[in-house]
Amino acid sequence: MTVPPATATTDRPGAPDWADFFASGLAGSPVMVIIRGVSPDEAVANAEKAWAAGVRLVEVTVESENGLHALEAVVRAAAGRHTVGAGTVTTPQRLESAVAAGARFGVAPDLNTETVHAAGQAGVPFLPGVATPTEAGQALRLGVATVKAFPASSLGAPWVSALSGPYPELRVVATGGIDAANAGSFMKAGSLGLGVGQSATAGGHLDEIVRAAERNA
């Protein structure tokens, strides 16, 4: 099922509809699959495993030209039935290239003000990465209410829970080092969802992670 597109905004970067977009995409199955560094055919195969497991959001990272080709292939395979985004969108230029390749949303490991502004102007839902309270506060000041906690396994589930004290309006997608063993603890800590790498699909553990996330959502 395709997540409804967010409403375009040009008056300020980040808007409540971004939060609605990710909340909708992670409803039911609170997992987003990240596909990185594989051929277009392998990317499609991993995406199909994710869709079969009930995952609604799939991102293909675009740190290289090969990533853009893989993104295009997954977008074609989705055929409008699934929502495909781009990962490692660290510059406005990468965002532009990803959108041209068919990406419906963007994800970054960091919080780059210029890229957030570019996403707001383009009306593209964007999930920037944070790893400190300072970055979390900056994200909110930019109008971004849903962020990626990265690297989650280094930060730990208690970090997600602690962040909700000073920033109760912030929603977090824990990403980096998520597996079946710790997925439940990150969801119990208050995560909106979990970002998992393609090792989960290749290793056959995705179903376990999805079940653990759903049980503890």
Side-chain angles (χ1 to χ4, degrees), residues 1-34 47 50-51 53-60 71 74-75 78 80-87 89 92 95-96 98-99 102-113 115-130 135-150 152 160-161 163-164 166-175 178 183 186-196 210 213-214 216-217:
M1 182 181 295
T2 300
V3 181
T7 303
T9 59
T10 56
D11 56 337
R12 70 185 179 93
D17 53 16
W18 287 12
D20 293 345
F21 175 91
F22 289 107
S24 174
L26 293 166
S29 178
V31 171
M32 178 169 62
V33 166
I34 304 155
W51 297 328
V55 172
R56 300 180 68 193
L57 297 181
V58 170
E59 68 168 274
V60 182
L71 171 61
V74 173
V75 169
R81 299 185 302 271
H82 307 284
T83 304
V84 181
V89 181
L95 177 71
E96 182 179 2
V99 171
R104 292 276 307 284
F105 65 93
V107 183
D110 61 353
L111 180 65
N112 180 287
T113 301
T115 311
V116 172
H117 276 278
Q121 291 170 350
V124 177
F126 193 66
L127 186 72
V130 304
E135 292 172 338
Q138 183 182 359
L140 285 170
R141 288 188 291 275
L142 288 170
V144 180
T146 305
V147 297
K148 165 181 168 177
F150 178 80
V160 174
S161 179
L163 201 65
S164 66
Y167 303 115
E169 67 273 48
L170 195 70
R171 307 303 300 276
V172 172
V173 179
T175 307
I178 301 295
F186 276 100
M187 293 302 297
K188 287 179 181 177
S191 297
L192 174 67
L194 309 172
V196 303
V210 170
E214 290 175 350
N216 294 282

Asks: Measure across L95 and A118 and return the closest heavy-atom pair with its distance rounded to 0.1 Å.
Replies: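 Taking L95 first and A118 second, the nearest heavy atoms are CD2-C, 3.7 Å.
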Asks: Using 30° and 60° as the class boundaries, would you call the ring planes of F22 and F105 parallel, tilted or perpendicular?
Replies: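 Judged by the thresholds at 30° and 60°, the geometry between F22 and F105 is perpendicular.
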Asks: With the side chain counted from C-beta on, respond yes when L127 and M32 share a heavy-atom pair under 4.5 Å apart, and no when they do not.
Replies: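 Result yes, sub-4.5 Å side-chain heavy-atom pair found.
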Asks: Could you check if a side-chain atom of T175 sits within less than 4.5 angstrom of a side-chain atom of L194, using non-hydrogen atoms only?
Replies: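 Result no, sub-4.5 Å side-chain heavy-atom pair not found.
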Asks: Between V84 and A78, what is the shortest heavy-atom contact and its length?
Replies: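 Smallest heavy-atom distance, with atoms named: CG2-CB, 3.7 Å.
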Asks: What residue among V173, V172, I178 forms side-chain contact (heavy atoms from CB on, under 4.5 Å) with F186?
Replies: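 One option only clears the test, and that one is I178.
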Asks: For T83 and R104, which heavy atoms make the closest approach, and how far apart are they?
Replies: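 T83 and R104 have their closest heavy atoms at CG2-CB, 4.0 Å.
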Asks: Indicate the atoms forming the closest heavy-atom contact of A50 with V33, along with that distance.
Replies: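 Heavy atoms of A50 and V33 come nearest at CB-CG2, 3.7 Å.
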Asks: With side chain to side chain contact (heavy atoms under 4.5 Å, CB included) as the criterion, how do V58 and H82 come out once you've worked through the C-alpha distance, each side chain's angles and the decisive distance to 0.1 Å?
Replies: CA-CA 8 Å; V58 170; H82 307 284; over 6 Å; no
Asks: A side-chain contact here means heavy atoms from C-beta on lying under 4.5 Å apart; do S24 and R56 qualify?
Replies: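 With C-beta onward as the side chain, the pair touches.
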Asks: Side chain to side chain donor-acceptor pair (under 3.5 Å) with S29: which residues, sequence neighbours excluded?
Replies: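 Result, side chain to side chain donor-acceptor pair (under 3.5 Å) vs S29: none returned.
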Asks: With rounding to the nearest 0.5 Å, note down the distance linking CG in L26 to CZ in R171.
Replies: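 If we round to the nearest 0.5 Å, L26:CG and R171:CZ are 9.5 Å apart.
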Asks: In the structure I gave you, are the side-chain heavy atoms of Q138 and T113 within less than 4.5 Å of one another anywhere?
Replies: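 In short, these two side chains touch, coming nearer than 4.5 Å.
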Asks: Between CG of N112 and NE2 of H117, what distance do you get to the nearest 0.5 Å?
Replies: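 One gets 9.5 Å once the value is rounded to the nearest 0.5 Å.
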Asks: If we only count heavy atoms from C-beta on, is the L142 to L111 side-chain gap below 4.5 Å?
Replies: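 They are in side-chain contact.
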Asks: Please find the pair of heavy atoms, one from A103 and one from L71, that lie closest to each other, and give the distance.
Replies: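 Taking every non-hydrogen atom into account, CB-CD2, 4.1 Å.
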Asks: Between V89 and F126, is any pair of side-chain heavy atoms under 4.5 Å apart?
Replies: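 Yes, close enough: below the 4.5 Å cut-off.
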